[in-house]
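See below for the structure under consideration.
Computation of the quantities below employed the complete heavy-atom set of this structure, encompassing side-chain atoms and omitting hydrogens, waters and symmetry-equivalent molecules. Sequence lines set the chain letters: A, B, ... in the order given, protein chains first and strands last, and positions in each chain run from 1.
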Amino acid sequence: MNYFVTTSIPYVNGEPHIGHALEFIQADVLARYARQQGKPVLFSIGTDEHGGKIEEKATELGITPLDLASQMSGKFKLIAEQLNISNDRFIRTTDKGHEQRAALIWEALKKDIYKSSYEGLYCTGCEAFVTEATAKENNNVCPNHNKPYEKIKEENYFFKLSSYGAKIQKAIEDGSFKIVPASRKHEILNVIKDGLEDISISRPKEKIGWGIPVPEDKKQVMYVWFEALMNYITVLGYPEHEDFKKYWPANVQVIGKDILRFHAAIWPGMLLALELPLPKILYVHGFVAGEGGVKMSKSLGNVVAPQEILDQYTADVVRYYFLRHIPSYGDGDFSWQKLRDTYNSELANELGNVVQRTAVMIEKYQEGVIGVIPPAEHDVAEYERALEECRFDKALEEVWHQVRGLNKYIEDEKPWTIAKDGDSDHLREVLAYQVSAILQIADMLLPFIPETAEKIASIFKEGLIQPIEGTLFPRMDADSNTS
RNA sequence: GGCAGGAUAGCUCAGUUGGUUAGAGCGCAGGACUCAUAAGCCUGAGGUCCCGAGUUCAAAUCUCGGUCCUGCUACCA
């Protein structure tokens with residue numbers, strides 16, 4: 001009954017990008033849908049703030065790592081607000097609560113943690129070791145950071161992930177830990193089947209100071225990835241808080257395809273070691289490319305920040321585009337042209353107009369009196385199934401099927417002709433049916449474009465048309481936006 | 001190299017266990033209407049279903065071979 005949904009927590013190393021926006025929006029739909037069904041919901045998002053990269057950047061800027069993290073975290077928070085994300089919590093890994101509880105988790109994992117020295121080639125940019133083969137392939141220079149690999153020997157703590165591979169595999173295979181889409185499930189099973197290796201989970205403090213101290217070892221801090229994953233339960237107040245008992249395991253954890261391994265192998269390993277249940281569903285979205293499916297990159301100059309889109313369009317428009325036109329199970333792309341076409345044809349012409357024409361007819365022919373609205377009658381099974389499978393695109397297609405159906409209904413019934421013929425009973429019946437269909441559509445749209453859905457409902461709910469200011473989605477001219 | 005997925009209309013894609021004339025949305029062209037945001041509705045054009053062979057009464061669908069693309073993963077010197 002209780003419903004817990006999370007997004008991954010973005011690393012505050014970079015500005016919020018379109019992929020973060022997508023993830024926030026998708027998770028928000030799940031949260032709002034669950035609330036609509038009357039479930040107690042907890043929806044958390046947040047930011048991941050420790051690690052060497054933050055430390056370095058802060059040093060460059062001459063500020064403290066925490067100041068930098070706070071600044072960046074604020075930007076993610078702002079984007080979430082602008083997108084009308086209904087998160088109940090926003091966790092920062094620098095929150096005292098997270099830091100303290102991370103230490104408790106470490107203690108609880110102790111039977112699976114051991115110390116060992118590790119020698120290998122390391123990239124400070126990636127904060128990761130690479131195999132010799134990889135290093136050779138790249139001529140000893142990390143391609144991501146353009147820095148030579150350093151040969152280092154470190155004392156690290158390790159987590160016995162290898163002990164949990166079989167259990168994780170079983171949970172994925174039997175569906176108790178469901179990974180969608182299925183292609184991602186196969187992908188990770190392929191990795192797990194070959195056996196999971198123990199992972200390094202700490203760094204020497206002298207090398208990376210910006211992190212959560214390892215309990216009882218002042219010389220080590222927790223590896224940022226290991227500690228960041230813990231946010232999903234520290235945010236609930238693991239281990240003692242009521243919320244933790246109430247909301248864990250998560251119903252859905254929303255992540256991007258680039259961090260599948262962390263969430264489908266390491267994280268479940270940690271949970272199993274803690275003797276906690278695994279999340280029910282791990283939903284993996286794809287990437288958003290730029291125009292023509294070309295990857296967004298600074299050097300190509302085709303990067304579009306969520307902020308830029310929000311400067312020109314309302315949150316609902318942005319939400320709609322991302323949910324309907326970025327395939328829920330694959331990669332998609334963003335272009336201003338596509339956004340405007342979508343806006344005009346789907347939101348303005350089809351949805352906005354059907355609301356408008358219905359409201360106007362009731363005002364014109366019946367002084368705004370709606371009369372008895374029949375109950376909703378369209379089958380929503382497909383819509384519901386789509387949502388259960390995190391197929392946001394498909395769910396919206398189902399809604400639009402109804403929007404189109406309604407426009408067709410109006411053309412078939414021709415209320416304006418009925419009005420001329422003076423058959424007021426029949427006219428009232430037809431218009432009330434239109435309202436019924438619109439209200440059902442608004443209901444289905446509530447998790448997706450909440451402001452619009454509420455506005456639509458408000459027009460018809462009182463039995464008398466309550467006009468709104470302007471129109472829902474005024475059409476946009478071809479030259480009204482460029483950038 | 002291994003594993004997985006893909007190639008269908010100008011674009012994005014759907015095509016369930018093989019079964020008449022291969023579909024939708026967008027875009028494009030034409031039409032009738034007038035309640036509405038010059039929106040909506042109707043009609044139409046547009047396809048060698050990647051290539052080749054095979055199985056079958058029948059293949060977009062199944063088999064084999066090939067080409068190209070994507071993802072994951074491994075490795076050689």
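- Figure legend. B:A58 is base-paired to no nucleotide; pairs are counted as Watson-Crick or G-U wobble with both atom distances under 3.5 Å.
- If you check B:G1 for Watson-Crick or wobble pairing at under 3.5 angstrom, you find it paired to B:U73.
- A gap of 15 Å separates the C1' atoms of B:C50 and B:A9, to the nearest Å.
- Of the candidates B:G2, B:C35, B:G71, the closest approach to any side-chain atom of A:Arg184 belongs to B:G71.
- No more than 12 heavy-atom neighbours from other residues, nucleotides or ligands sit within 6.0 angstrom of NZ on A:Lys167.
- Atom-to-atom, CZ of A:Arg340 to C1' of B:C11 comes out at 16 Å; the value is rounded to the nearest Å.
- Atom P of B:U63 sits at a distance of 29 Å from the matching atom of B:A24, rounded to the whole Å.
- Pair check for B:C33 finds none; no Watson-Crick or G-U wobble contact set falls under 3.5 Å.
- Comparing the same atom, C1', in B:U48 and in B:C57 gives a spacing of 23 Å after rounding to whole Å.
- One can place CZ of A:Phe392 at 19 Å from P of B:C13, the figure rounded to the nearest angstrom.
- Using a 4.0 Å heavy-atom criterion, one finds that A:Gln356 contacts the bases of the nucleic acid, with or without backbone contacts as well.
- Taking atom P in both B:C35 and B:G46, one finds a spacing of 36 Å when rounded to whole Å.
- Atom CD of A:Glu346 is separated from atom C1' of B:U37 by 16 Å (rounded to the nearest Å).
- Residue A:Arg404 places none of its side-chain N or O atoms closer than 4.0 Å to OP1 or OP2 of B:G40.
- The pairing partner recorded for B:G40 is none, the criterion being a Watson-Crick or G-U wobble arrangement whose two distances lie under 3.5 angstrom.
- Residue contacts for A:Pro474: at a heavy-atom cut-off of 4.0 Å it reaches a base atom on one of the strands shown.
- Outside the 6.0 Å centre-distance limit, the rings of A:Phe392 and A:Phe322 are not counted as a close aromatic pair.
- One can place NZ of A:Lys338 at 14 Å from P of B:C26, the figure rounded to the nearest angstrom.
- Comparing B:U34, B:A36, B:G40 against the side chain of A:Asn349 picks out B:G40 as the nearest.
- Nucleotide B:A9 has no partner under the Watson-Crick or G-U criteria, as no pair reaches both atom distances under 3.5 Å.
- Whole-Å rounding puts the A:Ile192 CD1 to B:A4 C1' distance at 16 Å.
- Judged by closest nucleotide on RNA chain B, A:Leu347 is the one of A:Leu347 and A:Lys257 placed further toward the 5' end.
- As rounded to whole Å, 13 Å separates atom P of B:C42 from atom CD1 of A:Ile410.
- Both tests pass for A:Arg391 against the ring of A:Tyr329: distance under 6.0 Å to the centre and angle within 45° of the axis.
- Between the side chain of A:Glu411 and the base of B:G40, at least one donor-acceptor pair of N or O atoms lies under 3.5 Å.
- The side chain of A:Asn407 approaches B:G40 more closely than any other nucleotide in the set B:U73, B:G25, B:G40.
- B:U21 is unpaired under the Watson-Crick or G-U wobble criterion, no partner having all donor-acceptor distances under 3.5 Å.
- Along RNA chain B, the nucleotide nearest A:Tyr365 and the nucleotide nearest A:Asp412 are compared for position; the residue whose nucleotide lies closer to the 5' end is A:Tyr365.
- Nearest to the side chain of A:Asn353, among B:A36, B:G27, B:C72, sits B:A36.
- With a 6.0 Å radius and a threshold of 12 heavy atoms from other residues, nucleotides or ligands, A:Arg385 has its CZ atom at or below the threshold.
- Judged by the 6.0 Å distance and 45° axis criteria, A:Lys280 is not positioned over the aromatic ring of A:Phe177.
- Taking atom P on both B:U8 and B:C62, the two are 16 Å apart, rounded to the nearest angstrom.
- The shortest distance between the side-chain N/O atoms of A:Arg261 and the OP1/OP2 oxygens of B:U73 is below 4.0 Å.
- In this structure, CG in A:Leu347 is found 12.5 Å from CG in A:Asn353, a value given to the nearest 0.5 Å.
- B:G1 sits 16 Å from B:C76 when the P atoms are compared, rounded to a whole Å.
- Between A:Tyr114 and A:Phe158, the angle of the ring planes stays under 30°, which puts this pair in the parallel group of the 30/60° scheme.
- Going from atom CG of A:Asp333 over to atom P of B:U70 covers 16 Å, rounded to whole Å.
- When the C1' atom is compared between B:C51 and B:A60, the two are found 14 Å apart, to the nearest whole Å.
- Listed candidates were B:U73, B:A39, B:G27. Nearest to the side chain of A:Ser345 is B:G27.
- Closest to the side chain of A:Lys364, out of B:U37, B:C26, B:C35, is B:C35.
- Considering only side-chain atoms of A:Lys408, the nucleotide from B:U37, B:C35, B:C41 that sits closest is B:C41.
- Of the candidate nucleotides B:C35, B:U37, B:G40, B:G40 has the atom lying nearest to any side-chain atom of A:Glu350.
- Relative ring orientation between A:Phe334 and A:Tyr321 is described as perpendicular, the plane-to-plane angle rising above 60° on a 0-90° scale split at 30° and 60°.
- Taking the C1' atom of each, B:G52 and B:C68 are spaced 15 Å apart, rounded to whole Å.
- A straight line from CH2 of A:Trp400 to C1' of B:C13 spans 18 Å, rounded to a whole angstrom.
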